[in-house]
Amino acid sequence: GSQPPVRISPPVPEAIQYLPFSPSSGGARTVFRADMAGTGVHELFRASNSGPPAATIRLSVELSTSEPLWTHRLDPESGRALYGITTGSWPVEALYSVPIVGFPPQPVVLTPPAIGGDTPSIYEFRGTPGGSRVLFEMSRAIDQTTLWSVPVDGPASSAVRLTPGLPDA
């Protein structure tokens, strides 16, 4: 038999949409981006697929309209959500990881700090098979990109440069 639909998140203000969503590998939770407050700030949330809507929890660090959450991915093997924020438009300038279970959520920053005041630009990121590390492509200058690896649960100081290019953080 079929089951009736279950609301898993609170309603959002009219004309605000849920952005890409991702079910967890076990199917118990869904991670999604939404502007739940209707302020133009899209944040990352987790909801139980069996409800109730009141169980929806914000996973991302607190954001403002000047720091939008740009993209996210689930790393099914580590049980963590990876997400990037920016201070404007693409590319991402900071990469975070947060477990999708547990409370309160504890996001950690994965990207090394700026060198000499240059803001890093992150063009691609993904979890490795096995879920222990995150790979990301980062640039601090035009046409000077490097590939980095960092443990999925941080800290950023553990990031390792895998390709030649810019100096280590």
Problem set entry | Listed partners of R29 passing salt bridge (Lys or Arg N to Asp or Glu O under 4.0 Å), at least two apart |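 Per chain and number, R29 pairs via salt bridge (Lys or Arg N to Asp or Glu O under 4.0 Å) with no residue.
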Return the set of residues passing side chain to side chain donor-acceptor pair (under 3.5 Å) with [X] (not counting sequence neighbours), or none when no residue passes.
X    : result
S48  : S50
D75  : S78
S149 : R133
S24  : none

Exercise. Linking I/L/V/M/F/W/Y whenever any side-chain heavy atoms sit under 4.5 Å apart, do L44 and V61 land together?
Worked result: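 L44 clusters together with V61.
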For this session: Check side chain to side chain contact (heavy atoms under 4.5 Å, CB included) between P52 and all other residues, then give those that pass, not counting sequence neighbours.
Result: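 Counting only residues at least two positions away or on another chain, P52 forms a side chain to side chain contact (heavy atoms under 4.5 Å, CB included) with A55.
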Exercise. Of all residues at least two apart in sequence or in a different chain, which pass the side chain to side chain contact (heavy atoms under 4.5 Å, CB included) check with T56?
Worked result: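 Side chain to side chain contact (heavy atoms under 4.5 Å, CB included) list for T56, sorted by chain: S9, P10, F32, M36, F45, A47.
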Atom pair [atom1]/[atom2] of [X] and [Y] - distance to nearest 0.5 Å:
X   : Y   : atom1 : atom2 : value
R58 : E43 : CZ    : CD    : 5.0 Å
R46 : T30 : CZ    : OG1   : 11.5 Å
Y83 : H42 : OH    : NE2   : 15.5 Å

Problem set entry | Side chain to side chain, R33 and H72, heavy atoms closer than 4.5 Å |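 Result yes, sub-4.5 Å side-chain heavy-atom pair found.
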Exercise. Do L135 and L162 come within less than 4.5 Å of each other through their side chains, counting heavy atoms only?
Worked result: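 They are in side-chain contact.
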Name each donor-acceptor pair under 3.5 Å that joins a side chain in residues 94-108 to protein atoms two or more places apart or in another chain, with its distance.
{"unit_1": "S97", "atom_1": "OG", "unit_2": "R80", "atom_2": "NE", "d": "2.5"}
{"unit_1": "S97", "atom_1": "OG", "unit_2": "R80", "atom_2": "NH2", "d": "3.4"}
{"unit_1": "S97", "atom_1": "OG", "unit_2": "V152", "atom_2": "O", "d": "2.6"}

Problem set entry | Donor-acceptor under 3.5 Å (S158 side chain, V150 main chain) |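 No, the answer is negative, given that no donor and acceptor are paired below the 3.5 Å cut-off.
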Exercise. Under the 3.5 angstrom rule, does the side chain of R73 hit a backbone N or O of F125 as a donor-acceptor pair?
Worked result: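 Yes: the side chain of R73 pairs with the backbone of F125.
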For this session: Start with the C-alpha gap between V134 and L82, add the side-chain angles, then the distance that decides, and say whether side chain to side chain contact (heavy atoms under 4.5 Å, CB included) holds.
Result: CA-CA 9 Å; V134 175; L82 308 173; 3.7 Å; yes
